[in-house]
Amino acid sequence: MAARIILVAALLALASSRALAFDPSPLQDFCVADYDSQVFVNGFACKNRKNVTVDDFHFTGLDKPASTANELGANITLVNVDRLPGLNTLGVAMSRIDYAPFGLNPPHSHPRSSEILHVAEGTLYAGFVTSNTAQGNLLFAKKLNKGDAFVFPRGLVHFQFNNGDIPAVAFATFGSQSPGLVTAANVLFGSKPPIPDYILARAAQLSKTTVDWLQEQQWLDIAEENGPPSVQPN
């Protein structure tokens, strides 16, 4: 009987630890990502410690503004495990976001991470929308000035808009080495293959003609504007 109780307790502990862990937990000082490994794991396999160098923990360029000459007037320089191998298993990532005057980081979500945004220059109107509630989908948004910070809870749709006539810069920090990015418009109208127009027309209460037009547009991913990641995430 005692052995059975111990077994049940161990299984419950294992289940709860897996439920609470979003990223692989480190069991050593570091596990630098081995981009060349053919081993398929949740994240990346570790590079041989003998081959690890200081450059595996170093990223440069966050002081340089990225081009905002696109339809949205914004650009993201992302520093995640796909670009900085030393982040593997550490559960953190960050990005620099540049905004032209009236530039937009469009409604999107991060399925694997919460986010904290720090405004370094300019002003932004930023906010997030809650999941479905009895009161509807509630918007929490406000104007952010230089030096302000704002939190976006994990998985919730959020956005930032430069409501000033000068460029703005913000830095975002994530609680995952690979937070993921789901841009609302891109997902709905830019999927490959496309979602059938009659489904989107009914769901969004739009005409099929409007849906067809939206699906013909080129939907921009500004996280890729500053160059593709060095590797494809697992």
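Side chains included, hydrogens not; waters and symmetry mates left out as well; all remaining heavy atoms used.
- Rounding to the nearest 0.5 Å gives a distance of 11.0 Å between CG of Asp98 and CG of Asn105.
- Note: Phe161 CZ to Leu72 CG = 11.0 Å, rounded to the nearest 0.5 Å.
- Crowding of Arg202 atom CZ: a count of heavy atoms from other residues, nucleotides or ligands under 6.0 Å not exceeding 12.
- In this structure, the side chains of Met94 and Leu62 come closer than 4.5 Å at one or more pairs of heavy atoms.
- The two residues Ala66 and Thr77 come nearest to each other via the heavy atoms CB-OG1, 4.0 Å.
- Note that the CG atom of Leu104 and the CD1 atom of Ile222 stand 7.5 Å from one another [nearest 0.5 Å].
- Other residues, nucleotides and ligands contribute more than 12 heavy atoms inside 6.0 Å of the CG atom of Asn51.
- Remark: the Asn163 side chain and the Thr123 side chain contain an N/O donor-acceptor pair separated by less than 3.5 Å.
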Legend entry - Verdict with reasoning, Val157 to Asn137, per side-chain contact (heavy atoms from CB on, under 4.5 Å): CA-CA 10 Å; Val157 172; Asn137 300 94; over 6 Å; no

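- When side chains are defined from C-beta on, Pro106 does not count as touching Asn186, because their heavy atoms never get closer than 4.5 Å.
- Nearest heavy-atom pair across Ala168 and Gly122 is CB-CA, 4.1 Å.
- When all heavy atoms are compared, the tightest approach of Leu188 to Ile195 is O-CD1, 3.8 Å.
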Legend entry - Test log, rule side-chain contact (heavy atoms from CB on, under 4.5 Å), inputs Arg96 and Val169: CA-CA 7 Å; Arg96 169 182 172 137; Val169 180; 3.7 Å; yes

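- Residues Gln160 and Leu144 form no side-chain contact, since every pair of their non-hydrogen atoms from C-beta on lies 4.5 Å or further apart.
- The aromatic rings of His118 and Phe171 sit parallel, their planes meeting at an angle under 30°, below the 60° perpendicular limit.
- Aromatic ring orientation, Phe128 versus Phe140: parallel (interplanar angle below 30°, classes split at 30° and 60°).
- In this structure, Phe57 and Val52 have side chains that are in contact, with non-hydrogen atoms separated by less than 4.5 Å.
- Heavy atoms from other residues, nucleotides or ligands lying under 6.0 Å from CD of Gln205 number 12 at most.
- When all heavy atoms of Leu117 and Ala172 are compared, the pair lying nearest together is CD1-CB, 4.1 Å.
- For the pair Leu200/Leu214, no side-chain contact is recorded, criterion being any heavy-atom separation below 4.5 Å from C-beta on.
- Atom-to-atom distance recorded for Thr133:OG1 and Leu138:CG is 4.5 Å, nearest 0.5 angstrom.
- For the pair Phe44 and Pro85, the minimum side-chain heavy-atom distance is 4.5 Å or more.
- A distance of 10.0 Å separates CZ in Arg112 from CG in Leu181, rounded to the nearest 0.5 Å.
- Between Cys46 and Gln28, the closest side-chain pair of non-hydrogen atoms falls below 4.5 Å.
- Of all heavy-atom pairs spanning Phe150 and Lys142, the tightest one is CE1-CG, 4.1 Å.
- The line from NZ of Lys47 to CG of Asp36 is 8.5 Å long, rounded to the nearest 0.5 Å.
- Between Phe30 and Thr89, the closest side-chain pair of non-hydrogen atoms is not below 4.5 Å.
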Legend entry - side-chain contact (heavy atoms from CB on, under 4.5 Å) assessment of Phe59 paired with Arg83: CA-CA 8 Å; Phe59 185 93; Arg83 291 187 169 97; 4.2 Å; yes

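- A perpendicular orientation is assigned to the rings of His110 and Phe174, their planes being inclined by more than 60° (bins at 30° and 60°).
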